[in-house]
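Quick notes on the structure that follows.
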Amino acid sequence: MKITILCVGKIKEKFYREAIEEYRKRLSRYCRIDILEVADEKTVEGASSALEEQIKKREGERLLSKIKDMDYVIALAIQGKMLDSVELSKHLERIALHGKSHLVFIIGGSLGLSEIVLQRADEQLSFSKMTFPHQLMRVILLEQIYRSYRIQKKEPYHK
């Protein structure tokens, strides 16, 4: 399976980049994984909700330009469905068994994802009701994908 993590913005902190690379290396024995970044928009402090929607829309259009019709898209969103690690592992396995060869996870920017991205998504997944920095969310997502493969292969992994 090919997995793409499609994100808004770049990773600036070295420790996040190192963690991301470590999980990419670990995942290479299970799948092909790519991380694509689209430019984020500058958000001014105290921006109106209308301006925030415009920003999310512009970022969303950039995200959608990277998605193909046959991609299976999972948007990470607070209002999405919550799964534990075993459930996520089984869910990803079912997606693959149903012939989906390219899975795209989308991580939005600081304002979240636009409605047009959420509508395009095949499903929405939530890791928590809490808000995480999008840089950290990449690490968390990669770790959970790695954990999913370890569970599927019945390989040991700490709990």
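A salt bridge between Lys57 and Glu53 is absent, with no side-chain N of the basic residue lying under 4.0 Å from a carboxylate O of the acidic one. Arg17 has no carboxylate O lying under 4.0 Å from a charged side-chain N of Glu13, or vice versa, which leaves the two without a salt bridge. A salt bridge is absent between Glu93 and Lys153: the closest approach of a Lys/Arg side-chain nitrogen to an acidic carboxylate oxygen does not fall below 4.0 angstrom. With respect to the salt-bridge test (charged N to carboxylate O, under 4.0 angstrom), the residues Glu22 and Lys25 qualify.
Side-chain contact annotation: His102 with Thr4, donor-acceptor N/O pair under 3.5 Å present. No side-chain donor-acceptor contact under 3.5 Å links Glu155 and Tyr149. Between the side chains of Thr43 and Glu52, no donor-acceptor pair of N or O atoms lies under 3.5 Å.
Under the 4.5 Å side-chain heavy-atom criterion for Ile, Leu, Val, Met, Phe, Trp and Tyr, Leu118 and Ile116 are members of the same hydrophobic cluster. Note on Leu36 and Ile3: separate hydrophobic clusters, where clusters join Ile, Leu, Val, Met, Phe, Trp and Tyr whose side-chain heavy atoms are under 4.5 Å apart, directly or indirectly. When the side chains of ILVMFWY residues are joined at heavy-atom separations under 4.5 Å, either directly or via intervening members, Leu63 and Ile107 end up in two distinct hydrophobic clusters. No path of Ile, Leu, Val, Met, Phe, Trp and Tyr side chains, each step under 4.5 Å between heavy atoms, connects Val73 with Leu76, placing them in separate hydrophobic clusters. In the hydrophobic clustering of ILVMFWY residues, with side-chain heavy atoms under 4.5 Å counting as a link, Ile78 and Phe127 come out apart.
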Would you sort out whether Tyr23 and Arg138 count as a side-chain hydrogen bond (donor to acceptor under 3.5 Å, both in side chains), showing the intermediate values? CA-CA 10 Å; Tyr23 282 110; Arg138 289 190 211 185; over 6 Å; no

Between Glu123 and His91, is the side-chain contact (heavy atoms from CB on, under 4.5 Å) condition met? List the steps. CA-CA 12 Å; Glu123 62 181 279; His91 184 58; 2.8 Å; yes

Stepwise side-chain contact (heavy atoms from CB on, under 4.5 Å) test for Asp84 and Leu88: CA-CA 6 Å; Asp84 66 27; Leu88 178 62; over 6 Å; no

Test side-chain contact (heavy atoms from CB on, under 4.5 Å) on Ser126 and Gln79; report intermediate values, then the result. CA-CA 6 Å; Ser126 174; Gln79 68 273 17; over 6 Å; no

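The minimum heavy-atom distance between Met82 and Glu87, with the atom names listed, is O-OE1, 4.4 Å. Across all their heavy atoms, Ser85 and Gln144 have their closest contact at OG-OE1, 2.7 Å. Across every non-hydrogen atom of Arg62 and Lys66, the tightest pair is O-CG, 3.6 Å. Of all heavy-atom pairs spanning Leu113 and Ala75, the tightest one is CD1-CB, 3.7 Å. Nearest heavy atom pair, residue Glu59 against residue Gly112, reads OE1-O, 4.4 Å. Between Gln124 and Ala77, the closest heavy-atom pair is OE1-CB, 3.7 Å.
For the pair Leu136 and Tyr16, the minimum side-chain heavy-atom distance is below 4.5 Å. The shortest side-chain heavy-atom distance between Leu6 and Asp34 does not fall under the 4.5 Å cut-off.
Note that the NZ atom of Lys68 and the CG atom of Asp71 stand 6.0 Å from one another [nearest 0.5 Å].
For Lys10, the NZ atom sits in a loose shell: 12 or fewer heavy atoms of surrounding residues, nucleotides or ligands are nearer than 6.0 Å.
Under a 3.5 Å cut-off, the side chain of Arg26 and the backbone N or O of Tyr146 do not form any donor-acceptor pair.
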